[in-house]
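Below you'll find the structure, written out as structure tokens, and then a few comments.
The structure presented is a predicted model; accordingly, all values stated were derived computationally and were not measured.
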Amino acid sequence: MGTPRPRARIEAGIQTLSFTPIERRLYGRRKGRPLRTRKSQLVRDLLPQLEITLPEQGALDPVSLFSFKPKALWLEIGFGGGEHLVAQAKRHPDHAFIGCEPFLNGVASLLDHIDREQVKNIRIFPDDARRVLDALPEGSVGRCYVLFADPWPKARHTDRRFIGPANLPRLARALQKGAELCLATDDAQLGEWMTDVMDNAADFTRVRHERTPPEDWVQTRYEEKGIKAGRAVIYMSYMRK
């Protein structure tokens with residue numbers, strides 16, 4: 001049976017900018033197969049240079065993380081293997097990028113891309129993205145990507161989905177007015193859920209909801225895998241009001 005669409009709960013949960021404190025538990029895998037020697041070395045040597053340490057008090061100053069004054073700050077939540085994040089960073093060298101991913105193997109993969117391609121404008125938070133959203137100054141993010149997130153298909157697990165009533169106020173607070181929230185999924189059930197959530201969000205307005213990617217799209221390996229398996233991708237974009 002499909003996951004029910006709790007429209008009333010969604011509408012009730014995302015009409016204001018107030019949000020509940022972060023739960024201690026972070027769902028999903030933190031580590032997969034043992035890392036090979038090169039990636040283990042990158043985690044040991046390169047990650048400390050790029051890893052974001054959140055302040056104990058006050059807001060995080062994203063500009064201080066970089067050696068240049070960025071034109072804009074973009075954020076990717078759950079960057080997977082890092083291909084999309086690195087490609088966007090290379091396309092926009094005058095922008096600063098923060099990537100959030102708690103899965104160590106994904107972090108190691110991103111570090112490998114960064115090292116091989118000598119990308120200088122990415123910083124990494126290898127933990128819960130909600131902590132970064134809460135620490136960033138209000139209206140500091142110009143664009144945010146949430147691509148091919150875990151669909152959490154069981155009805156009792158829908159609260160674990162990142163795009164949901166608990167996290168939209170966090171995103172709305174961190175995003176600038178007019179900033180873009182870019183979403184994509186090849187899971188039909190999750191696509192329906194995200195459409196419901198976003199279309200009922202008081203702080204966002206729909207810009208794009210199509211089966212074809214935008215012109216500046218960067219395909220991820222997860223997306224490629226889904227397309228080869230015959231799954232249709234939904235590409236969505238919403239603007240912060």
Side-chain angles (χ1 to χ4, degrees), residues 29-55 59-129 131-133 135-137 140-149 174-176 179-184 213-227 235 237:
R29 293 187 301 166
R30 299 300 297 264
K31 189 174 182 181
R33 296 178 180 178
L35 299 176
R36 294 187 176 183
T37 302
R38 170 177 164 77
K39 289 186 177 179
S40 293
Q41 291 175 342
L42 288 170
V43 170
R44 182 191 66 204
D45 299 332
L46 182 57
L47 180 58
Q49 301 176 40
L50 305 179
E51 183 174 0
I52 296 172
T53 301
L54 300 181
L60 171 68
D61 178 10
V63 176
S64 68
L65 301 173
F66 300 88
S67 60
F68 66 101
K69 185 176 181 180
K71 181 178 179 180
L73 173 66
W74 289 5
L75 175 68
E76 182 164 355
I77 295 173
F79 55 72
E83 302 95 340
H84 176 267
L85 183 56
V86 167
Q88 291 291 357
K90 291 175 66 177
R91 286 182 179 182
H92 304 279
D94 57 348
H95 287 39
F97 289 80
I98 292 177
C100 303
E101 175 61 68
F103 186 47
L104 179 62
N105 298 62
V107 172
S109 177
L110 173 63
L111 291 170
D112 190 33
H113 289 300
I114 289 174
D115 186 59
R116 292 183 187 277
E117 303 181 52
Q118 291 299 292
V119 179
K120 304 296 184 183
N121 54 335
I122 295 176
R123 295 297 179 266
I124 303 170
F125 188 68
D127 208 315
D128 191 339
R131 296 178 59 202
V132 169
L133 287 172
L136 283 168
S140 59
V141 178
R143 181 180 292 180
C144 179
Y145 295 95
V146 183
L147 309 178
F148 304 96
L175 288 170
Q176 300 169 0
E180 188 177 13
L181 176 59
C182 302
L183 311 174
E215 292 183 1
D216 63 345
W217 191 254
V218 177
Q219 190 177 71
T220 71
R221 59 190 176 101
Y222 294 105
E223 178 182 7
E224 183 180 7
K225 182 179 178 181
I227 292 173
Y235 304 91
S237 174

Report task. Keeping the roles fixed (side chain from Asn121, backbone from Ala96), state whether a donor-acceptor pair exists under 3.5 Å. Result -> no
Query raised in the report: Does the side chain of Glu101 reach to within under 4.5 Å of the side chain of Pro126, using non-hydrogen atoms?
Result: no
Query raised in the report: Any side-chain donor-acceptor pair under 3.5 Å between Trp217 and Glu223?
Result: yes
Requested in this report: Flag the pair Ile114 / Ile124 as yes when at least one side-chain heavy-atom distance between them is below 4.5 Å, and no otherwise.
Outcome: yes
Query raised in the report: Which pairs pass salt bridge (charged side-chain N to carboxylate O under 4.0 Å, His left out) with one or both residues in residues 104-119, sequence neighbours excluded?
Result: Arg38-Asp112, Arg38-Asp115, Lys90-Glu117, Asp112-Arg116
Query raised in the report: Under 6.0 Å between the ring centres of His84 and Phe79?
Result: no
Requested in this report: Starting from the C-alpha separation in whole Å, work towards a yes-or-no answer on side-chain contact (heavy atoms from CB on, under 4.5 Å) for Trp74 and His92.
Outcome: CA-CA 10 Å; Trp74 289 5; His92 304 279; 3.6 Å; yes
Query raised in the report: Does a side-chain heavy-atom distance below 4.5 Å link Ser237 with Leu181?
Result: no
Requested in this report: Could you tell me whether Asp61 and Arg123 make a salt bridge, using a distance below 4.0 angstrom between a side-chain N and a carboxylate O?
Outcome: no
Report task. Could you grab the distance from atom CG of Leu111 to atom CD of Gln41, nearest 0.5 Å is fine? Result -> 12.5 Å
**Report entry** Asp94 side chain vs Lys71 backbone, donor-acceptor pair below 3.5 Å
**Finding:** no
Query raised in the report: Would the number of heavy atoms belonging to other residues, nucleotides or ligands and lying under 6.0 Å from CZ of Arg91 be above 12?
Result: yes
Requested in this report: Decide yes or no for Cys100 and Glu76: does some side-chain heavy atom of the first lie under 4.5 Å from some side-chain heavy atom of the second?
Outcome: no
Report task. Begin from the C-alpha positions of Ile77 and Leu133 and carry the test side-chain contact (heavy atoms from CB on, under 4.5 Å) through to its verdict. Result -> CA-CA 10 Å; Ile77 295 173; Leu133 287 172; 4.2 Å; yes
Query raised in the report: So, do Leu54 and Asp127 sit near enough that their side-chain heavy atoms are less than 4.5 Å apart?
Result: no
Query raised in the report: When you measure from the side chain of Ser109 to the backbone N and O of Asn105, does any donor-acceptor pair fall under 3.5 Å?
Result: no
Report task. Test Leu42 against Leu35 for side-chain contact (heavy atoms from CB on, under 4.5 Å), laying out the working first. Result -> CA-CA 10 Å; Leu42 288 170; Leu35 299 176; over 6 Å; no
Query raised in the report: Is any side-chain heavy atom of Pro70 less than 4.5 Å from a side-chain heavy atom of Val63?
Result: yes
Requested in this report: Give a yes-or-no answer on whether the side chains of Gln118 and Lys120 include a donor-acceptor pair shorter than 3.5 Å.
Outcome: yes
Query raised in the report: Do you see a donor-acceptor pair shorter than 3.5 Å between the side chains of Glu83 and Thr220?
Result: no
Query - Close side-chain approach of Val218 and Gln88, heavy atoms under 4.5 Å - result: yes
**Report entry** Heavy-atom side-chain contact between Pro48 and Leu46 under 4.5 Å
**Finding:** no
Query raised in the report: Leu85 and side chain to side chain contact (heavy atoms under 4.5 Å, CB included): which partner among Leu110, Ile98, Leu147?
Result: Leu110
Report summary line: Rounding to 0.5 Å, atoms CG (Leu183) and CZ (Phe148) come to a distance of 10.5 Å
